[in-house]
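Reviewing the structure listed below.
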Amino acid sequence: MKKIKELNLKGHLLTAISYLIPIVCGAGFLIAIGMAFGGTSQPQLIQGEFSIWDAFATMGGAGLGLLPVVIATGIAYSIAGKPGIAPGFIIGLTANAIGAGFIGGLLGGYLAGYLVMATLKYVKVPKWAKGLMPTLIIPFLTSVIGGLMMIYIIGLPIAAFTSLLTNALDSLGSSSLLLFGGVIGLLSGVDYGGPINKTVFAFVLTMQAEGLNGPITALQLVNTATPIGFGLAYFIAKLFRKNIYTPVEVETLKSAVPMGVINIVEGVIPIVMNDIVRGVIATAIGGAAGGAVSMVLGADATVPFGGVLMIPTMSRPWAGVAALVVNILVTGVTLALIKKNVTQDDMNMQSEVEEADIDLDDIQIF
């Protein structure tokens, strides 16, 4: 167990995902805009035989088609630094070529990274050849070994597993979709963009790479709805004659809610930290409800980021709107009901803490 922790598998995955998200978002919006205006992703752009919308769709499709390569390169780089880039890239391309998909690229990244580390540790060369290690010896050895392992050992079972998983999720009934969406929504929301959220993101991105857009749409809609739900809770609480936020928290909401609209959930973290249990409970219940509705109604954004900007890319935009409304309402009502009324003593205590922070900052400056 200790050795597994030392490998830092989750840390390398999260690092690679942070590299992956901008590519996914950029490529996703390109293909969504292109296809919205009648463009199609083409195998080759021949001068004079394509429109600008075909170009958009082709650029986006090419980017999304290389997700296994990107995740493999990112993981290998996280593990081994610059020497991991070339083998990660080549093994990721190999995973793509044999149909091992996103899971193949993910495993290929770990394989490439640790092969590089092993090569650095165990392969000894004469002094005159040391300069060739990062440019020739490491990329060649690790690419050959890792590529052949991907083709003959890892790739075929992974391709079969990916196909099985895709078919299984594609054939889920309404009740199963309800449960599956609820689990995705709950796990997506409870740590506000943290490691659990990113781990689920890696899983649902695998599904999107295989053509299933529903799971990742559910996750992103939950991230969008949560901050807006926290904002709605303020007004619902007023109907119950409750004051659930301090003045500082109200100011935080003024930036957190707009951030949520474009799918940035982290803005509510300062508020949650003041009342973790109730904040997480409201988020989990709202997220489970929103995720379930999203999956059952078939919200299927082609862009895996962007908040409300995802809605026009869905084949059923109303499904995305319905999931958002349910998630926002459930989160808001739950939080308004379970959160304690903020007293004047609480406000005074917060003011004293802020003044102490200001004084400390002044001391540090001088």
Got a donor-acceptor contact below 3.5 angstrom from the T313 side chain to the L309 backbone? no
4.5 Å side-chain heavy-atom contact, P87 and L115: no
First locate atom CG of N96, then atom CD1 of I91, and finally report the distance between them rounded to the nearest 0.5 Å. 13.5 Å
Using the ring of each side chain (for Trp, its six-membered ring), is H12 parallel, tilted or perpendicular to Y114, with breaks at 30° and 60°? perpendicular
Between the side chain of K242 and the main-chain N/O of A336, is any donor-acceptor distance below 3.5 Å? yes
What's the shortest heavy-atom distance between A299 and L221, and which atoms? CB-CD1, 4.2 Å
Identify whether L30 and I52 are in the same connected component of the hydrophobic contact network (ILVMFWY, side-chain heavy atoms under 4.5 Å). yes
First locate atom CD1 of I85, then atom OG1 of T73, and finally report the distance between them rounded to the nearest 0.5 Å. 8.0 Å
I33 and F56 have their tightest heavy-atom pair at CG2-CD2, 3.9 Å
Check the hydrophobic clustering (I, L, V, M, F, W, Y; side-chain heavy atoms under 4.5 Å; chains of links allowed) and say if V308 and M259 are grouped together. no
Mind running side chain to side chain contact (heavy atoms under 4.5 Å, CB included) on F240 and L337 for me, showing each step along the way? CA-CA 8 Å; F240 298 120; L337 289 174; 3.8 Å; yes
Close side-chain approach of Y110 and L13, heavy atoms under 4.5 Å: yes
Side chains of M133 and V125: does their closest heavy-atom pair fall under 4.5 Å? yes
Rounded to the nearest 0.5 Å, how far does CE of M149 lie from CG of L107? 10.5 Å
Option among V265, L335, I328 that satisfies the side chain to side chain contact (heavy atoms under 4.5 Å, CB included) test with F230: L335
Can you give me the closest heavy-atom contact between E249 and I271, atom names plus distance? O-CD1, 3.7 Å
Compare all side-chain heavy atoms of M295 with those of P215 and state whether any distance is below 4.5 angstrom. yes
Side chains of Y19 and T15, heavy atoms from C-beta outward: is any pair under 4.5 Å? yes
Closest non-hydrogen contact found for G147 with T94 is O-CG2, 3.9 Å
Tightest non-hydrogen contact, residues P227 and V257, listed as O-CG2, 3.6 Å
Would V248 and E251 count as a side chain to side chain contact (heavy atoms under 4.5 Å, CB included) here? Give the steps. CA-CA 5 Å; V248 173; E251 290 300 314; 5.7 Å; no
Under 6.0 Å from the CE atom of M117, do we count more than 12 heavy atoms belonging to anything else shown? no
How about CZ on F140, more than 12 heavy atoms from neighbouring residues, nucleotides or ligands closer than 6.0 Å, or not? no
Distance (rounded to the nearest 0.5 Å) between D54 CG and F37 CZ: 13.5 Å
Beyond-backbone contact of L297 with W318, side-chain heavy atoms, under 4.5 angstrom: yes
Check whether any side-chain N or O of R278 sits under 3.5 Å from a backbone N or O of K339 as a donor-acceptor pair, and report yes or no. no
For A233 versus G332, what's the shortest heavy-atom pair and its separation? CB-O, 3.4 Å
Are L253 and I228 connected in the hydrophobic side-chain network, where two residues link if heavy atoms are under 4.5 Å apart? yes
Say whether D300 and S315, considering side chains only, have a donor N or O and an acceptor N or O under 3.5 Å apart. yes
Y77 atom OH: more than 12 heavy-atom contacts under 6.0 Å: no
Treating Ile, Leu, Val, Met, Phe, Trp and Tyr as nodes and any side-chain heavy-atom pair under 4.5 angstrom as an edge, say whether V261 and L329 lie in one connected cluster. yes
What distance separates Y234 OH from K254 NZ, expressed to the nearest 0.5 Å? 8.5 Å
Is there side-chain contact between V222 and N327, with heavy atoms separated by less than 4.5 Å? yes
OH of Y245 to CG of N341: how many Å apart, nearest 0.5 Å? 13.0 Å
Can you hop from V268 to I264 via hydrophobic side chains spaced under 4.5 Å? no
Is there side-chain contact between T334 and T283, with at least one heavy-atom pair below 4.5 Å? no
